[in-house]
Amino acid sequence: MDRNAFFSDTNEHYVTEWMQGTCCTLRVRFRAALADKLRVSLLLQEREEAVSLSPVRGGSRFREYACTFVTESPVSWLFLIEDGESGEKLYYDRRGASAVARTELCFQHIPGFRTPDWAKGAVMYQIFVDRFRDGDLTNVVETDEYLYIGLPVQHIENWDEKPSAFDVGYFYGGDLAGVREKFAYLKDLGVEVIYFNPLFVSPSNHKYDTQDYDHIDPHLTIIAEDGGELLAPDAGDNLNATRYQKRSADRKNLEASDRFFAEFVAEAHRFGFRILLDGVFNHCGSFHKWLDREKIYAREGGYAPGAYLTPDSPYRKYFVFADNRPEAWPDNQSYDGWWNNDTLPKLNYEASPELAEHILEIGEKWLKPPYQVDGWRLDVAADLGHSPDYNHRFWQRFRSRVKAVREDALILAEHYGSPASWLNGREWDSVMNYDGFMEPVSWFLTGMEKHSDSRDTGLRGNGAHFWDKMSLAMAKLPEPSLHTAMNQLSNHDHSRFLTRTNGRVGRLAELGSAAAEEGVQLSVMRQAALMLFTWPGAPTMYYGDEVGVCGFTDPDSRRSYPWGHENLELLEYHRYLSKLHRNSAALRRGSLIPLLMEQDLVCYGRVYGREQALIFVYTGAEEKLLRLPYWKLADSIPQGVRRVMLTYENGYNVGHVRYVLEDGMILVYVTQNSAGIYLGTAPS
């Protein structure tokens, strides 16, 4: 048996679904060498049943086998392949051929599970708004406007200043007007979806401590009616933070801010962008009007009293208080904080149906007119309630309500570890793909953990380990989730990928910001970007990665975008990759075929219809000639294949070079830290 010819996955060519009500007819295909005489069976795990596949089509090199069966529930399977002459048996799973059945690597299908077509392979761009661009000087958080975690907030006058260890209360002034000014820049970069870190009213620059889910923060939009005073230098609380009170709680300002946002989204849509909001529903902030620890809303007036102030608050059950004696109020500090952070009160869904309903209404509100955003990214989504059982039930309700408003709304969750139990067609659409992209790519290319907290040189260049981790993670993602998964190299919670290329273990507080820029390798960054735009999923750039921004893990990864001193060569490289990705059906939606996974080499293909792409990434230092098996990608080999991208130690080349295959192989001369993309189209 030629196990190198084996292939199947759950992409539309190999798994076809016909739905009639709740009944699903499924056709599954498997590919093998034409010359082999095989018996192929589908081992359905849930039914403990084997279904025989019949040969259905033979070409010049491969033969396909297929079977059809009916199911009303999710199914998973392995292939059993038996040699008709020798009797040898092999299993085939998401990792490839094996002598043993690896049930953790099963293929899977969920009848009727759909994710938005627009999100499959979409080029996304994440913006941490305070650090992207300042477009309106009148809405900045001012120095001494209020206290946050006991210290006065500060406005940073120098846009290019590096973040400090206590960065959370320092504001650079980035806003949505600044983003709007750069719509043309984002369009030229090929961005199709903008994912914003939280935009709701919040006292921190990261805004993961929501103060009001019902309104967009005026500091990011427009302050229609200003007033009030800044705090005195010796202030010990926020009782006299009247300017912040006016800006963040005055209804005229909130209504004007929301109108600005509606107009902003409409203009983004005219540019062709989709918009994702960040929903932080596991916890809120201690400033939140439901708790009102800072008494912002009590002093503003016209709001129901917060649960921190009185046991009679309508929001008392929204939180867990350890001390429920009447005399514990006012100023009941015994509320439960997420991970014991008193600035992040944990929301108590199980005790309050009203809270759950309010959050469900928030999920609907921002998708409806006049805002019409296109989906949600859900922060620490698996931690929402106090039990997995409740969380599953809540997210089922959330999906039902959101999809009723917008059937094509995207629901992406932040999640570490296997997301399999949540990606069941009834809850999330997909996840931020840490396990199935960020982490394995980081280890393979840099030998570094995604926070820069540890290093393992044995994993750098270890192609076998890379494929083991990738294939296991992909086995947990149903096909609709795989192609909408948010693939990233960096984001607001982890070190910048370019910094990881220097192999420095540590963080800002111990090493200083300059160390994050020392010894970085642009050639490795280019390799990583090439993988980002050629791996299944939605390639997502974290603002500034495309122009060489460095930084250790947060807060250092939240540096301001370096307008005026970007690495323009790296920017142009990202533009080329983005265009290649968007114009290639194979790179955007194709099957992933592993070709070679060796020491210092990862080589894979993407196939969609007649179009093929071959990608190699070489981490070695020795120059050598590689023979890459293009023949695995297509039954009919193209007469010529074009190399459309080559990156190497000292630069990159986008000139198209035509290659003639030798017995289905591409001969490629590789040099240190190189990578390339080759495209071909099979004869009709």
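Each residue takes its place number in the sequence, starting with 1.
In this structure, D556 does not pair ionically with R507, as no charged nitrogen and carboxylate oxygen lie closer than 4.0 Å. The pair D336-K346 fails the salt-bridge criterion, with no side-chain N (NZ, NE, NH1 or NH2) lying under 4.0 Å from an Asp/Glu carboxylate O. Salt-bridge annotation for R293 and D342: present, with a side-chain N of the basic residue lying under 4.0 Å from a carboxylate O of the acidic one. Note on D408 versus K403: no salt bridge recorded, every NZ/NE/NH1/NH2 to OD/OE distance being 4.0 Å or above. Salt-bridge annotation for R399 and D429: present, with a side-chain N of the basic residue lying under 4.0 Å from a carboxylate O of the acidic one. Taking the charged nitrogens against the carboxylate oxygens, D292 and K289 have no contact shorter than 4.0 Å, which rules out a salt bridge. With respect to D167 and R131, a salt bridge is recorded, a charged nitrogen being found less than 4.0 Å from a carboxylate O. Salt-bridge formation is detected for the pair E517/K162: a Lys NZ or Arg NE/NH1/NH2 atom is positioned less than 4.0 Å from an Asp or Glu carboxylate oxygen.
Here the closest non-hydrogen pair linking P198 and Y208 is CD-CZ, 3.3 Å. Residues L220 and N139 approach most closely at C-ND2, 3.9 Å, considering heavy atoms. In terms of heavy atoms, L360 sits closest to R401 at CD1-NH1, 3.7 Å. Residues A262 and P370 share a closest heavy-atom pair of CB-O, 3.5 Å. Of all the heavy atoms in P203 and Q211, the pair that sits closest is CD-OE1, 3.8 Å. Taking every heavy atom of both residues into account, A249 and Y297 meet most closely at CB-CE2, 3.6 Å.
When V402, D258, V405 are each tested for a side-chain contact (heavy atoms from CB on, under 4.5 Å) with W366, only one passes: D258. Results of the side-chain contact (heavy atoms from CB on, under 4.5 Å) test with V191 over M124, E546, M541 single out M541 as the only residue that passes. Partner N491 forms a side chain to side chain donor-acceptor pair (under 3.5 Å) with one of Y542, Y434, Y543 and no other, that one being Y434.
For Q333, the CD atom sits in a loose shell: 12 or fewer heavy atoms of surrounding residues, nucleotides or ligands are nearer than 6.0 Å. Annotation for E407: atom CD does not count as buried by contact number, only 12 or fewer foreign heavy atoms lying within 6.0 Å. Residue K252 qualifies as open at atom NZ: its count of foreign heavy atoms under 6.0 Å is 12 or below. Under a cut-off of 6.0 angstrom, the local environment of NZ in K182 is crowded, with over 12 non-hydrogen atoms contributed by other residues, nucleotides or ligands. Heavy atoms from other residues, nucleotides or ligands lying under 6.0 Å from CD of E161 number more than 12.
With ring centers used as reference points, F281 lies under 6.0 Å from Y213.
For the 3.5 Å distance criterion, the side chains of S202 and D209 qualify, holding a donor opposite an acceptor. In this structure, a donor-acceptor pair under 3.5 Å is absent between the side chains of S557 and R496. Using modelled atom types and a 3.5 Å distance limit, the side chains of S430 and S481 yield no donor-acceptor pair. Looking only at atom types and distance, the side chain of Q126 has a donor-acceptor partner in the side chain of N197 under 3.5 Å away. Judged by distance alone, the side chains of H451 and D493 never bring a donor and an acceptor atom under 3.5 Å apart. In the model, N487 has no side-chain atom that pairs as donor or acceptor with a side-chain atom of T540 under 3.5 Å. Side chains of H392 and E427: a donor-acceptor N/O pair is present below 3.5 angstrom, by distance only. In summary, the side chains of N348 and R316 do not present any donor paired with an acceptor at a separation below 3.5 Å, with no hydrogens or angles considered. Side-chain atoms of N332 and S334 form a donor-acceptor pair, as typed in the model, at a separation below 3.5 Å.
Here the straight-line distance linking atom CD1 of I223 with atom CZ of R247 works out to 3.5 Å at 0.5 Å rounding. With rounding to the nearest 0.5 Å, the separation of CZ in F171 from CG in D134 is 13.0 Å. Residue H219 holds its NE2 atom at 8.0 Å from CD of E142, rounded to the nearest 0.5 Å. Here OG1 of T499 is found 14.0 Å from NE2 of H494. Values are rounded to the nearest 0.5 Å. How far CZ of R377 is from OH of Y195: 3.5 Å, rounded to the nearest 0.5 Å. The structure places CG of L176 at 10.5 Å from CG of D136, a figure rounded to the nearest 0.5 Å.
No donor-acceptor pair closer than 3.5 Å links the side chain of T210 to the backbone N or O of D212. One N or O on the side chain of R500 and one on the backbone of L489 form a donor-acceptor pair closer than 3.5 Å. Between the side chain of N205 and the main chain of V168, a donor-acceptor pair closer than 3.5 Å is present. With hydrogens and angles ignored, the 3.5 Å screen pairs a side-chain donor or acceptor of S352 with a backbone N or O of L355. Under a 3.5 Å cut-off, the side chain of S313 and the backbone N or O of A307 do form a donor-acceptor pair.
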Kindly indicate, with the supporting measurements, whether the criterion salt bridge (charged side-chain N to carboxylate O under 4.0 Å, His left out) is fulfilled by E263 and R180.
CA-CA 11 Å; E263 294 164 3; R180 185 175 57 195; 5.7 Å; no

Could you walk me through whether I411 and L378 pass the side-chain contact (heavy atoms from CB on, under 4.5 Å) check?
CA-CA 7 Å; I411 303 173; L378 304 172; 3.6 Å; yes

So V153 and T143, side-chain contact (heavy atoms from CB on, under 4.5 Å) or not? Walk me through it.
CA-CA 6 Å; V153 296; T143 297; over 6 Å; no

Can D226 and K246 be said to form a salt bridge (charged side-chain N to carboxylate O under 4.0 Å, His left out), step by step?
CA-CA 7 Å; D226 215 350; K246 176 76 172 176; over 6 Å; no

Checking side-chain contact (heavy atoms from CB on, under 4.5 Å) for the pair I127/I194: CA distance, chi angles, key distance, verdict?
CA-CA 7 Å; I127 296 180; I194 302 174; 3.8 Å; yes

Run the side-chain contact (heavy atoms from CB on, under 4.5 Å) check on M486 and N433 step by step: do they pass?
CA-CA 5 Å; M486 185 182 281; N433 204 10; 5.8 Å; no

Quick one, R274 with E192, criterion salt bridge (charged side-chain N to carboxylate O under 4.0 Å, His left out). Give me CA distance, side-chain angles, the key distance, then yes/no.
CA-CA 6 Å; R274 303 275 184 161; E192 298 168 293; over 6 Å; no

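The aromatic rings of F319 and F321 lie perpendicular to each other, with more than 60° between the two planes, well past the 30° mark. Below 30°, between 30° and 60°, or above 60°: for F287 and Y244 the angle between ring planes is above 60°, a perpendicular geometry. Between Y390 and Y349, the ring planes lie tilted relative to each other; the angle falls in the 30° to 60° range. By the 30° and 60° cut-offs, the orientation of the rings of F200 relative to W376 is tilted. Between F264 and F183, the ring planes are tilted. Angles from 30° to 60° get that label.
Figure legend: R251 and Y303 shown as a cation-pi pair, the cationic atom lying under 6.0 angstrom from the six-membered ring centre and within 45 degrees of its axis.
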